[in-house]
Amino acid sequence: MPELKTYETPLTDAAIDELFEENKAQFSKMNTAAGNMVKSLLYELQRKGRNTYIQLYDAVEDGHVVHYRVVQGNAELIPKAARALRFKSWTADQLEVNS
Amino acid sequence: MIKFVIALLIIIALLGSFSSYFFVKSEMQAKITEAEVKMANLKNERQQVEDKVAEIERQKAELQAQIAHLTAERDSLKAVVDSLETQRQREEAALDDLFAVDDLAQKMQETFPELGDEPLGTIELCYNDETNTYGTCSPDDFGIEYFVFPVQFVATFIDNAQQAQNLAQQNEALRKIESNLERNLTLSDQITLLTEQKAKAYQEGYEKAYLQYQQLNQEYISVLKQPPTVKFGLPSWQFGVVTGVLGFAGGVILAK
């Protein structure tokens with residue numbers, strides 16, 4: 001795992017914006033559709049009081065795979081979100097979108 | 001009688017000399033005229049070649065002006081392509097920034113006004129693994145929020161994706177064509193350079209041959225106008241003494 005930026009929790013609005021920028025740099029590297037599926041996962045984890053945030057890293061350029069770590073919230077929601085969005089696979093630190 | 005014969009022989013010799021002199025002189029004159037005409041013709045041909053070269057140079061300058069114009073146009077179009085690519089990247093980055101549902105809905109309706117002015121609806125659905133269908137969510141389900149638009153509208157996204165993929169392939173092929181053309185132009189330039197070098201070599205050879213021919217012809221005409229002569233006159237006193245001595249000695253020997 002590369003050395004990642006650390007965030008104090010609970011995340012402030014500024015930190016949430018900063019984290020989004022960091023995550024954007026990762027999902028925008030991926031295949032467009034795959035990146036937008038990951039973006040959907042980020043959205044679903046945050047909304048409706050779920051308040052869960054993950055930090056993406058090591059996205060595959062033009063690919064369908066990205067790694068993550070939980071910054072804040074309920075880690076158990078990640079497999080649920082990935083399943084609901086019909087990801088191809090998910091582990092404790094990796095997400096793979098169908099291709 | 002002997003005197004008469006000798007006189008007659010002298011007259012015949014003189015007449016023969018005069019007639020051959022005039023014959024040779026007229027023949028030389030003809031050769032001089034022929035050489036001068038040939039020189040004049042060659043000068044004329046040379047002038048024609050120079051005129052033709054000047055015309056080719058004029059046409060070449062015109063073509064070079066056209067090339068400069070087309071090159072400027074090509075560079076301008078390349079700048080347009082680069083600008084469009086920059087714009088595409090900027091728009092793509094701006095799209096990545098959109099996250100809130102309202103912002104996405106607004107952009108969607110700007111892009112596809114066919115969806116109407118009314119706010120795009122959203123619905124939360126859950127996937128039921130047992131029935132393999134989407135349905136309403138129970139409190140413990142992980143619901144996903146979806147935009148609501150007609151099923152057949154999905155073809156728009158598919159069409160756009162297909163077009164984008166096709167255009168990317170066309171773009172790649174066109175860039176290869178451009179690269180080939182650049183290579184082609186470089187090779188054409190090299191051929192032009194070699195052709196010019198060959199023409200220059202021929203020109204130098206022609207100029208040298210022309211000058212040498214001109215010089216040689218001039219010398220030839222000079223020789224024809226003033227041919228080498230045999231000088232008649234008394235021998236030198238040394239020659240007289242030697243031949244005198246030899247003659248005296250010979251006479252003495254014969255007298256014995």
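Chain letters run A, B, ... following the sequence lines, proteins first, then strands; residues in each count from 1. From a predicted model like this one, the values you see are computed outputs, not experimental measurements.
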Checklist outcome for this item: Note: vs chain B, highest number of non-hydrogen pairs under 4.5 angstrom among A/Gln46, A/Glu21, A/Arg50, A/Lys24 is A/Arg50
Item to check | Lys/Arg N to Asp/Glu carboxylate O, B/Glu85 vs B/Arg88, below 4.0 Å | outcome: yes
Item to check | Where A/Arg47 and B/Ile144 come nearest, the two heavy atoms and their spacing | outcome: NH2-C, 3.8 Å
Checklist entry - B/Tyr146 versus chain A, heavy atoms under 4.5 Å apart: side chain, backbone, both or neither? => result side chain
Checklist entry - Checking heavy atoms, do the side chain of B/Asp129, its backbone, both or neither come under 4.5 Å from chain A? => result side chain
Checklist entry - Is it the backbone or the side chain of B/Leu95 that comes under 4.5 Å from a heavy atom of chain A, or both, or neither? => result backbone
Item to check | Under 3.5 Å side-chain donor-acceptor pair for A/Gln26 and A/Tyr68 | outcome: no
Checklist entry - On the ring face of B/Tyr127, is A/Arg83 found with NZ or CZ under 6.0 Å from the centre and within 45° of the axis? => result no
Next on the checklist: Check whether A/Thr9 reaches the backbone of A/Leu11 with its side chain - one donor and one acceptor, N or O, closer than 3.5 Å.
Outcome noted: no
Item to check | Any side-chain donor near an acceptor of the partner, B/Gln197 and B/Tyr202, under 3.5 Å | outcome: no
Item to check | Interface residue of largest heavy-atom contact number with chain B, from A/Lys48, A/Arg86, A/Lys80, under 4.5 Å | outcome: A/Arg86
Checklist entry - Side chain, backbone, both or neither: which part of A/Ser40 has a non-hydrogen atom closer than 4.5 Å to chain B? => result neither
Checklist outcome for this item: Looking only at A/Ala81, A/Ser28, A/Gly35, A/Ala33, the option with the highest number of non-hydrogen pairs under 4.5 Å against chain B is A/Ala81
